[in-house]
Participant: 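Handing you this structure, nothing more for now.
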Amino acid sequence: MTQKIGIGLLGLGTVGTGVANILNSPEGRHPLVASINIVRIAVRDLQRPRLVNIDQSIITNDPYEVVKDPNVEVVVEAMGGLEPARSLIMLAIASGKSIVTANKAVVARYGKEIAEAANASGVYVLIEAAVGGGIPIIEPIKQSLGGNRIQKVTGIINGTTNYILTQMTKRGTKYQDVLKEAQELGYAESDPSADVDGHDAADKIAILSGLAFGGAIDRESIPTKGISTLESKDIIYANKLGYEIKLLAIAENLSESATKDSSAYLALRVEPSLIPKEHPLSGVNGVNNAILIEGDPIGQVMFYGPGAGAGPTASAVVADILNVAGIKLMQQRGEKSLDPLLSAFSWRNCFLANPREMPQKNYVRLITADTPGVIGSVGNLFGKNDVSIESIVQLDSNKTGAEIIVITHEVSKGQIIDSLEEIEKLTEVIQIAAHFSCL
Ligand code: NAP
Ligand code: HSE
């Protein structure tokens, strides 16, 4: 008779509970689900009531007990944070146990070390839930798009911030109130500053870029700006001009002109950006995420779906569990399986571009004195720095001054920074109130 595959679950919070709920109800799902058994669970607080039916005797507050348990064959890490999560993953790998993890913070920083250890031990590390919640994106980017020369990955890859921006735009709800809602719905990280300051999206674009461009990414060098300082005024003005504002994570391959060897030269960034309303990413609302990949020869392909929350994330975690369990069951039956994904990590050097060299269109909002010639002075300084302007309009004026909105054509970030430094010194300019990139 076939033995069930023993799972050790690290964490029984939003994601862990979602996973346990699926594994507890195999009826109507893939037949493999019934072959999986949660044998041990780690939590931090043994007294906290749990929202899932679990035999209390398998719960411990020592996660190392779970990893070391001989009945645990696959470790599912759903606790989050860097430590002890990283050490537990490394211990499981060294003990010959495969890992399924939703922890993008660990994968973005230690992915290379983890992949090398897993290759050496011959175990799997599957991370579908780490990016895009329920959207299948890791396997497609790693495997299905493998024949492409990837040029650009543009993602709305943080559910919390997309939920906040959507509610602020469509319902006019206050930032703090929507953030609280996102936390209650289980979308936000335990420290929500990871979401609103853009760090969670930076972890995810590091992971996607590593897979898309075939090399480890220096996570800490990704220029990152979140939404916490965004003013609703800019959302309103952007809308008037035909744009939506979204937190975008962008990775662009600048290699062709920069390197002659196989190294990749990449421009990565996370920042609130204006998206024209006709662009496919502009309609991605609420907790949904989307990842637009541009490659040769595929052209454009977009992946869309729920980017956070218990059900969608557990859907991705359980899919990974089924992959590993399926292979283990084949091995139990003496069948040989060769999975080409294990060898997908043939790393090359990936260099991150100096942020000043990154090309981008820009939205700039200036508060100026309402005097004749101010638009001309601003235009001159952009011209002096070779910044070509797509549109410049005065949208509002009152006793305290006028608001001027400038949309530029694509220029290097350095050109725009230099222009804004000079514009800020103009006597008519009271403040550079906002500056975002645009698609
Ligand atoms: P969560 O609700 O805070 O759950 C974390 C769980 O881990 C809790 O059960 C907690 O125990 C347990 N835990 C934390 N530290 C522990 C320790 N040192 N020892 C033992 N148990 C410990 O977090 P979550 O939202 O499920 O997220 C888990 C992971 O999935 C994170 O890496 C997150 O980034 C990732 N993720 C989350 C989502 C989402 O939508 N929430 C989506 C994709 C990926 P207690 O319950 O006793 O506190
Ligand atoms: N906090 C994350 C988000 C969870 O809001 O996208 C999904 O990774």
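In listed order, ligands and their atoms are each counted from 1.
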Participant: Less than 3.5 Å apart, any donor N or O on the side chain of Arg269 or Ser437 sitting next to an acceptor on the other?
Facilitator: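 Result is yes, a qualifying pair exists.
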
Participant: If you count the atoms of ligand 1 from 1 in the order shown, which ones are under 4.0 Å from a heavy atom of Gly186?
Facilitator: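 It comes down to these atoms of ligand 1: 39 (C), 40 (O), 41 (N).
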
Participant: For Val125 and Ala118, work out which heavy atoms get closest and say how close.
Facilitator: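 Residues Val125 and Ala118, closest heavy atoms: CG2-CB, 3.6 Å.
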
Participant: Quiz question for you: does at least one protein heavy atom lie closer than 4.0 Å to atom 23 (O) of ligand 1?
Facilitator: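 No.
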
Participant: Is the closest side-chain donor-acceptor distance between Asn103 and Thr101 under 3.5 Å?
Facilitator: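 Per modelled atom types, Asn103 and Thr101 side chains form no pair under 3.5 Å.
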
Participant: Identify the two heavy atoms, one from Ile137 and one from Glu128, that lie closest to each other, and give their separation to 0.1 Å.
Facilitator: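 That closest heavy-atom pairing would be N-OE2, 2.8 Å.
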
Participant: Side chains of Asn323 and Lys328: any donor to acceptor distance under 3.5 Å?
Facilitator: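 Their side chains do not contain a donor-acceptor pair, so the 3.5 Å distance test is not met.
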
Participant: Could you list which atoms of ligand 1 come closer than 4.0 Å to a heavy atom of Pro63?
Facilitator: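 Under 4.0 Å from Pro63, ligand 1 has these atoms: 19 (N).
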
Participant: Identify which of Gly133, Gly307, Ala201, Gly159 has a heavy atom lying nearest to atom 7 (C) of ligand 2.
Facilitator: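 Of the listed residues, Gly307 has the closest heavy atom.
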
Participant: Hey, can you tell me if Tyr363 and Phe436 have their rings parallel, tilted or perpendicular (30° and 60° cut-offs)?
Facilitator: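 Aromatic pair Tyr363/Phe436 classed parallel.
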
Participant: So, is Gly81 polar-close to ligand 1, with some N/O to N/O distance under 3.5 Å?
Facilitator: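 No, since none of the N or O atoms of Gly81 sits under 3.5 Å from an N or O of ligand 1.
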
Participant: Is there a heavy atom of Arg50 sitting under 4.0 angstrom from any atom of ligand 1?
Facilitator: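 Yes.
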
Participant: What is the nearest protein non-hydrogen atom to atom 8 (O) of ligand 2, stated with its residue, atom name and distance?
Facilitator: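 Heavy-atom neighbour on the protein nearest atom 8 (O) of ligand 2: Lys104 NZ, 2.5 Å.
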
Participant: Quick check on contacts: which atoms of ligand 1 are under 4.0 angstrom from a heavy atom of Glu189?
Facilitator: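 Here the atoms of ligand 1 in question are 33 (C), 34 (O).
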
Participant: Output the list of atoms in ligand 2 that are nearer than 4.0 Å to some heavy atom of Glu189, sorted by atom number.
Facilitator: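 Every atom of ligand 2 under 4.0 Å from some heavy atom of Glu189: 1 (N), 2 (C), 4 (C).
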
Participant: Short list, please: which atoms of ligand 1 are under 4.0 Å from a heavy atom of Ala129?
Facilitator: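 Here the atoms of ligand 1 in question are 43 (C), 44 (C).
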
Participant: Is the shortest distance from a heavy atom of Asn61 to ligand 1 less than 4.0 Å?
Facilitator: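 For ligand 1, residue contact (heavy atoms, under 4.0 Å) with Asn61 is absent.
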
Participant: Heavy atoms only, cut-off 4.0 Å: how does Thr160 contact ligand 2, side chain, backbone, both, or neither?
Facilitator: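 Answer for Thr160: both.
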
Participant: Counting both backbone and side chain atoms, is some N or O of Ala310 under 3.5 Å from an N or O of ligand 1?
Facilitator: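 N/O-N/O distance under 3.5 Å: no.
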
Participant: Could you tell me if any non-hydrogen atom of Gly309 lies under 4.0 Å from any atom of ligand 1?
Facilitator: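 In this structure, Gly309 qualifies as a contact of ligand 1 - some heavy atom is under 4.0 Å.
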
